Number of protein chains: 2
Amino acid sequence: MKIGEAATRSGLSVKTIRYYESIGLISPSERADNGYREYSPIQVDTLHFLQRARATGFSVEECRQLLDLYRNEGRHSAHVKNLVLEKVAQLDQQLQELQAMRGTLMDMADRCAGNEGPSCAIIDQLADSSEGAAP
Amino acid sequence: MKIGEAATRSGLSVKTIRYYESIGLISPSERADNGYREYSPIQVDTLHFLQRARATGFSVEECRQLLDLYRNEGRHSAHVKNLVLEKVAQLDQQLQELQAMRGTLMDMADRCAGNEGPSCAIIDQLADSSEGAAP
DNA sequence: TGTTGACCTTCCATTAACTGGAAGGTTTAT
DNA sequence: ATAAACCTTCCAGTTAATGGAAGGTCAACA
């Protein structure tokens, strides 16, 4: 099948498939006589695998590793599990940071009158200038 | 003072300050006879304001808006508060997505034996191929 | 036969927010 | 004198695509 159908079936865009090929994430596809890319159902499975892995939060580089494991029948499932657990740890870190940021913003909002006046605790807090001078 | 000291005092890097100037986030600084940039304490306050706003999660474009408000004595604090509350809503959205992703990953990990064998529920779930064929 | 429209191709530019490095000028200290 | 520590500009790279231009191909339809 041609790239358009491969895109529809895999859930990736045509552009993204060509991009993945350009960075060597997937191997160059066969070409028909007219130069069009030709995809087998098995290649579409790989594309779909990539779509799901990206949507699950793996980076392209992590996808490259997962793909190697996916293709490698001699893999150890422990290796795959480690990748996933590392990813979870990353997410936990990111969640903590976002939650801290949310707390800061809510504190700011709480201390701000939010009225017609110019006096604003948020601005003051961001400025945090010892002189209190505005530029 | 020169850019190095302005960087130290504001908490931004020298590169970042020059970058902010290049995108017009801050106005071009005065130059000494030798071409070196010259910063006043007031300008450093602005740089510090930017450092804190970025660290708090505002994008550069949002910083541009905040900076206008920061400099504008005729601002309404309601406007500033709205910016902050919008940002909180964005964060809540992002937090939800990350938590969903974390759940998916933990489900995967739980169903994976994590042993020496090649059989791996994670790979199977990512593949999700109706044929079960590996490329 | 012509042409319309939906495909496909490659290549270049852009996004966000910097960071790294090259190549070179200036100042300060030893 | 020269080395270290500054400063300058400019170009390239990062992530993961996306948008668009310019052009080739193919099937259907009047």
Side-chain angles (χ1 to χ4, degrees), chain A residues 1-26 28-40 43-44 46-67 87 90-91 94 97-98 101, chain B residues 1-26 28-40 43-44 46-67 87 90-91 94 97-98 101:
Chain A
M1 81 196 68
K2 284 175 291 184
I3 198 170
E5 193 181 342
T8 309
R9 292 199 192 215
S10 65
L12 294 170
S13 76
V14 167
K15 282 275 192 187
T16 300
I17 295 176
R18 284 197 284 247
Y19 170 68
Y20 284 172
E21 186 180 316
S22 81
I23 62 171
L25 185 57
I26 53 181
S29 36
E30 300 296 307
R31 296 299 180 109
D33 288 348
N34 54 15
Y36 288 13
R37 286 172 181 81
E38 211 24 71
Y39 293 89
S40 71
Q43 286 176 304
V44 172
T46 304
L47 292 172
H48 191 202
F49 179 99
L50 284 173
Q51 187 273 321
R52 306 198 98 224
R54 286 288 296 122
T56 311
F58 291 93
S59 73
V60 165
E61 282 318 304
E62 287 163 338
C63 284
R64 211 186 287 274
Q65 292 175 57
L66 280 173
L67 217 47
K87 198 73 205 172
Q90 273 176 36
L91 281 184
Q94 214 179 331
E97 282 164 17
L98 287 184
M101 234 162 66
Chain B
M1 80 195 71
K2 283 175 291 182
I3 198 170
E5 193 181 341
T8 309
R9 292 199 192 215
S10 65
L12 294 170
S13 76
V14 167
K15 282 276 193 186
T16 301
I17 295 175
R18 283 197 285 247
Y19 170 69
Y20 285 172
E21 186 180 314
S22 81
I23 61 171
L25 184 57
I26 54 182
S29 37
E30 299 297 306
R31 297 298 181 109
D33 287 347
N34 54 16
Y36 288 12
R37 286 172 180 81
E38 209 27 67
Y39 294 89
S40 70
Q43 287 176 304
V44 173
T46 304
L47 292 172
H48 191 201
F49 178 100
L50 284 173
Q51 187 273 320
R52 307 198 98 223
R54 287 287 297 123
T56 311
F58 291 93
S59 72
V60 165
E61 283 318 303
E62 287 163 337
C63 285
R64 212 186 286 272
Q65 293 175 55
L66 280 173
L67 216 48
K87 198 73 204 170
Q90 272 176 37
L91 282 184
Q94 214 180 331
E97 282 164 17
L98 287 185
M101 235 164 64

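Note that the structure is predicted; figures quoted are calculated from it, not measured.
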> How close or far is atom P of D:dC6 from atom NZ of B:Lys2, stated in whole angstroms?
Replying inline: 9 Å

>> With a 4.0 Å cutoff (strictly under), does any side-chain N or O of A:Arg31 reach OP1 or OP2 of C:dT10?
In response: yes

> What integer distance in Å separates B:Leu12:CG from C:dT19:C1'?
Replying inline: 14 Å

> Within the structure shown, what part of the strands sits under 4.0 Å from A:Ile3 by heavy-atom distance: base, sugar-phosphate, or nothing?
Replying inline: sugar-phosphate

> What integer distance in Å separates A:Arg37:CZ from D:dG24:C1'?
Replying inline: 14 Å

>> Rounded to whole Å, how long is the line connecting atom CZ of A:Arg18 with atom P of D:dA17?
In response: 15 Å

> Are any of the side-chain nitrogens in B:Lys2 or B:Glu5 under 4.0 Å away from the carboxylate oxygens of its partner?
Replying inline: no

>> Can you tell me if B:Thr16 touches the phosphate of C:dA17, counting only side-chain N or O atoms and a distance under 4.0 Å to OP1 or OP2?
In response: no

> Nearest of C:dT19, D:dG20, C:dC8 to any side-chain atom of B:Lys15?
Replying inline: C:dT19

> Would you say the base of D:dA16 and the side-chain of A:Tyr19 have a donor-acceptor pair closer than 3.5 Å?
Replying inline: yes

> Want to settle it: does A:Tyr36 or B:Asn34 sit nearer the 5' end of DNA chain C, counting the closest nucleotide to each?
Replying inline: A:Tyr36

> Just to confirm, is there a sub-4.0 Å distance from OP1 or OP2 of D:dT18 to any side-chain nitrogen or oxygen of A:Ser13?
Replying inline: yes

When you compare the protein's N or O atoms with those of nucleotides 3-5 of chain D, which come within less than 3.5 Å of each other, and at what distance?
none

>> I need the A:Glu38 CD to A:Asp33 CG distance, nearest 0.5 Å.
In response: 10.5 Å

> Could you state the OH-P distance from A:Tyr20 to D:dA16, rounded to the nearest angstrom?
Replying inline: 8 Å

> Is the closest side-chain heavy-atom distance between B:Thr16 and B:Leu47 below 4.5 Å?
Replying inline: no

>> Tell me the interatomic distance from A:Glu5, atom CD, to C:dA6, atom C1', rounded to whole angstroms.
In response: 15 Å

> What is the minimum heavy-atom distance between A:Ala53 and A:Leu66, and which atoms define it?
Replying inline: CB-CD1, 4.3 Å

> Where do A:Leu25 and A:Cys63 come nearest, in terms of heavy atoms and distance?
Replying inline: CD1-C, 4.4 Å

>> By nearest atom, which of the nucleotides D:dA17, C:dC8, D:dA16 is closest to the A:Ser59 side chain?
In response: D:dA16

> Given side chains that start at C-beta, do those of A:Met101 and B:Gln94 come closer than 4.5 Å, heavy atoms only?
Replying inline: no

>> Using only atom types and a distance under 3.5 Å, with no angle test, would you say the side chain of B:Arg18 pairs donor to acceptor with the backbone of B:Ile3?
In response: no

>> Distance check needed: C:dA17 P versus B:Leu50 CG, whole Å only.
In response: 12 Å

> What's the shortest heavy-atom distance between A:His48 and A:Ser10, and which atoms?
Replying inline: CD2-O, 3.5 Å

> Between atom CD in A:Glu61 and atom P in D:dT14, what is the gap in whole Å?
Replying inline: 10 Å

> What is the bend of the helix from C:dT1-D:dA30 to C:dT30-D:dA1 when you compare the axis at one end with the axis at the other, using five pairs each and rounding to 10°?
Replying inline: 30°

>> Counting C-beta onward and ignoring hydrogens, is there a side-chain heavy-atom pair between A:Glu30 and A:Gln43 closer than 4.5 Å?
In response: no

>> Let me confirm one number: the OG1-OH distance from B:Thr46 to B:Tyr20, rounded to the nearest 0.5 Å.
In response: 13.0 Å

